[in-house]
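Below is one structure, written out as structure tokens; comments come after it.
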Number of protein chains: 4
Amino acid sequence: MSTTAPTPLTTRREHPTKGDRTAAAILAAAEDLFAEKGYDGTTLRDVADRVGIRIPSLYNHFESKEALYGAVLERGLGPILELLSSVVAEARASEAPWPPEPRPIVEAMLAVLDARPQLPRLLLRETLAGGTRLSPELRDWIAPIFERAGEAAARGVDEARFGADQVTHLVLAIYHVVVGYYAIAPFYKQLGGHDLLSEEARERQARFVADLVENLFSPNTSR
Amino acid sequence: MSTTAPTPLTTRREHPTKGDRTAAAILAAAEDLFAEKGYDGTTLRDVADRVGIRIPSLYNHFESKEALYGAVLERGLGPILELLSSVVAEARASEAPWPPEPRPIVEAMLAVLDARPQLPRLLLRETLAGGTRLSPELRDWIAPIFERAGEAAARGVDEARFGADQVTHLVLAIYHVVVGYYAIAPFYKQLGGHDLLSEEARERQARFVADLVENLFSPNTSR
Amino acid sequence: MSTTAPTPLTTRREHPTKGDRTAAAILAAAEDLFAEKGYDGTTLRDVADRVGIRIPSLYNHFESKEALYGAVLERGLGPILELLSSVVAEARASEAPWPPEPRPIVEAMLAVLDARPQLPRLLLRETLAGGTRLSPELRDWIAPIFERAGEAAARGVDEARFGADQVTHLVLAIYHVVVGYYAIAPFYKQLGGHDLLSEEARERQARFVADLVENLFSPNTSR
Amino acid sequence: MSTTAPTPLTTRREHPTKGDRTAAAILAAAEDLFAEKGYDGTTLRDVADRVGIRIPSLYNHFESKEALYGAVLERGLGPILELLSSVVAEARASEAPWPPEPRPIVEAMLAVLDARPQLPRLLLRETLAGGTRLSPELRDWIAPIFERAGEAAARGVDEARFGADQVTHLVLAIYHVVVGYYAIAPFYKQLGGHDLLSEEARERQARFVADLVENLFSPNTSR
DNA sequence: GATGAATGAGGATTCATTCAT
DNA sequence: AATGAATGAATCCTCATTCAT
């Protein structure tokens, strides 16, 4: 489903070779499958079939199923974590109440996820699994985000509404509102609901999330 | 090969027999394991080991792994869905703005989940899987809940804040805030955060969710 | 399918007890199943289901699956072997050309098989299996039959037609013509042919076999 | 899970590859075992052991146990059915009484079976099982053979001896005489008889069958 | 780089059998 | 005599991985 297929992080050449293209196709297929069926529910046969190659060929590009999964996570989660890191770091550095204007941030965030709607499911699967299969690298990246998001939020939140000890809950809530939306989309549709990933629905969600965040953080004044 | 189905596998007697106790133990073990590792990640060996029996004995109580999973889901999700159904139905019947007082509802909801913190993970896993393994029975139960929750919310929501077309997003958001909290707890703890399932944390979350709901639905006045 | 269910050979009481009746029902069910699906293809669950009892109850009547199979064979093959033995013994004793009048013998034979059309299949299955599961008892019974049948036939056969060294082939041929007919009946019917076990068909077969035997043994005179 | 079927399992190349040789060895082993012990009595372990490979390797060549059985049947029964088909078709086309000279046909038939004495047992097992595991393909092949054999025989048979309504019985009889001989051979030997598959015995049987057929069809004249 | 073949480990499930009730 | 529960052994089959070509 994902359309962009950048070169894998581990090997960067000037010209994308045929091998690079295969590797990218594998990553794309694996991302979809891991998101849809989870690590244990995805077989290398599934991946190879979707790419149109045979199983052993996968090993020319990735050392193992775990390595492939790691590569998918890294490629997928990297941009998100970078975005979050920078936002959080920025907010941390500034003295202004956080966030000065939530809309751009929310929109940047959702733009990333819109381009790769599988990532939230990947993310959620990882949190459900307790980060079991997260590389130490990725884990070290994630931990401070929550931490700093908490710090930042602590300064921005309307204390009349949420106590300082509720900041963690606030951060987690926003996280779940955002990723949960994408994760539930296929199920919701299948249940008879409309397509949450349609253009309009995603715009509505963007507005909704922005409103929500703004509403939560700002003092009691409606926009 | 067999044509008659000799042993009713779900009959309950007056006195809990040895078999009933074993079945209950299997269900408990399976609930934990399915929540932690997912359907594909859980083996019948895992379940049997945790119960302290041998694998074939599982088949004296459940017809198959899928049937066991179904039983876990039904037993676990039943109370939640009933609660939601009754709340939604009630709200639907009354003319008063919904909910008249969110706190009791939120507390009832969280009380159920507190007693079985695995259920949210089970739920979330199902939504991630697109309800693939949901029995038609359970699916028919879930669909109208979202639907009616939307109707009810449509009457209660502060229209100055959220448009009518955002009600679905609102309902999903609350759902994800609630279940996501439990789902991420083990990961959060492992990442160095505190225990989200501790007494205090759960109380904070209860307050937070109640505040959030109240805040979202009531007009712009803090309590 | 078989309707008569005499008491098992191992226990003969005056009044058929309830247990005896169960044992008979088990034997009847097992005879059908072993004939239809063979020893390996028949499970004790199949047998128990058909009788309407639970598997462990089978063990109140038969020591093991093998013992049950043995009992079925003994009960089923006994009458046939007795008949054959007596015929052969009789022919052996007499000096007259054998058989003086084949019709009665053929008819007696077919009467037994008509009453229990499963037996030929059981028999054929055993010969296919090389008598692997035949009790030594039964095997000792069978061996001399062929032997004596050969001797007898040797005297009766039209030597102008079949050489003495072909007597074995002759005996085997008759054996296969007879038992094969019953064995192939279900398949033949299913292939679109008519029912070989119908009254008329069986009568035709009786006539055919009698003609064949007569024809083979008698000098070149048609009936 | 997989959607495409990547590896054609039955393709034949010009040079027999290693895989082809393995597949042939598997077929040979399976043919013996299925003939000796039947489908249910044969385990893939048996097959693998006889070939000298491990069980999972079987799946590189055949999709399942059933598929392997089907391949054995097709490969084994194909030549027989072809022979029968051609004989029957030929007889059907000609106007001469059938068969003009039975000996060549019987000899051709027995030559095929002599080369693969397991096939008759395979055949007989199938008829005993009611063709349960016969592929529709094979079944469609078999049905018309009996049918046409009946038609052909109807023209050739000595009507003074066998009525038209006995033709089916005649055809079945010949079939059983032929295949039964091979099927019973191991048992007969084990019972103390001589080896029915020895050179001499097979020649005797060939003569016997030819005599029998000739005798049955021709008017009352010995050869 | 691609793949046919092979395989150790393991997965769900069935089966015959036992035993306490 | 009947059976619910338990289980060792085995069955078919899948999976990730390796290796020679």
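Numbered from 1 within each chain, the chains take letters A, B, ... in sequence-line order.
Consecutive pairing runs in DNA chain F reach the stem threshold at E:2-21 with F:2-21, where a stem means at least three Watson-Crick or G-U wobble pairs with distances under 3.5 Å.
When the P atom of dC15(F) is taken as reference, atom CD1 of I55(A) falls 8 Å away, rounded to whole Å. Regarding L44(B), its CG atom lies at a distance of 20 Å from the P atom of dT11(F), rounded to whole Å. Residue F62(D) contributes atom CZ, which lies 16 Å from atom C1' of dC13(F) at whole-angstrom precision. Remark: P of dA2(E) and CG of L58(A) are 10 Å apart, rounded to the nearest angstrom. We find that OH of Y39(C) is positioned 11 Å from C1' of dC15(E), with the value rounded to whole Å. Here dC19(E) presents its P atom at 13 Å from CD of E63(C), a figure rounded to the nearest Å. Rounded to an integer number of Å, the gap from CZ of R21(B) to C1' of dT21(E) is 14 Å. L68(A) has its CG atom 16 Å from the P atom of dC15(F), to the nearest Å.
Taking CZ from R139(B) and CZ from R133(B), the interatomic distance works out to 12.0 Å, rounded to the nearest 0.5 Å. L128(D) contributes atom CG, which lies 10.5 Å from atom CG of L123(C) (distance to the nearest 0.5 angstrom).
Residues K65(C) and G19(D) each lie close to DNA chain E; by heavy-atom proximity, the contact nearer the 5' end of the strand is made by G19(D). Residue order along DNA chain F, read from the 5' end via each residue's closest nucleotide, puts G52(C) first among E66(D) and G52(C). Taking the nucleotide of DNA chain E with the nearest heavy atom to each of T22(A) and D40(C), the more 5' of the two is matched to T22(A).
For P56(B), the side-chain atoms get nearest to dG8(F) when compared with the rest of dG8(F), dA6(E), dA2(E). Closest approach to the S64(B) side chain among dA2(F), dT17(E), dT13(E) is made by dT13(E) (side chain taken as heavy atoms from C-beta onward). For S57(D), the side-chain atoms get nearest to dA6(E) when compared with the rest of dC12(F), dA16(F), dA6(E). Between dT13(E), dC15(E), dT17(E), one nucleotide has an atom nearer to the side chain of Y59(C) than all others, and that is dT17(E). The T43(D) side chain lies nearest to dT11(F) when the options are dC15(E), dC15(F), dT11(F). Closest to the side chain of R54(B), from the set dG8(F), dT17(E), dC15(E), is dG8(F).
A salt bridge does not link R54(B) with D49(B): every distance from a Lys NZ or Arg NE/NH1/NH2 to an Asp or Glu carboxylate oxygen is 4.0 Å or more. K65(B) has no carboxylate O lying under 4.0 Å from a charged side-chain N of D40(B), or vice versa, which leaves the two without a salt bridge. D46(C) and K37(C) are joined by a salt bridge, as a carboxylate oxygen and a charged side-chain nitrogen come within less than 4.0 angstrom of each other.
Applying the side chain to side chain contact (heavy atoms under 4.5 Å, CB included) test to S64(A) and every residue at least two apart in sequence or in another chain returns E66(A), A67(A).
Closest of all the heavy-atom pairs between L58(B) and L44(B) is CD1-O, 3.6 Å.
Distances shorter than 4.0 Å separate some side-chain N or O of H61(A) from OP1 or OP2 on dA2(E).
Relative ring orientation between Y69(D) and F34(D) is described as perpendicular, the plane-to-plane angle rising above 60° on a 0-90° scale split at 30° and 60°.
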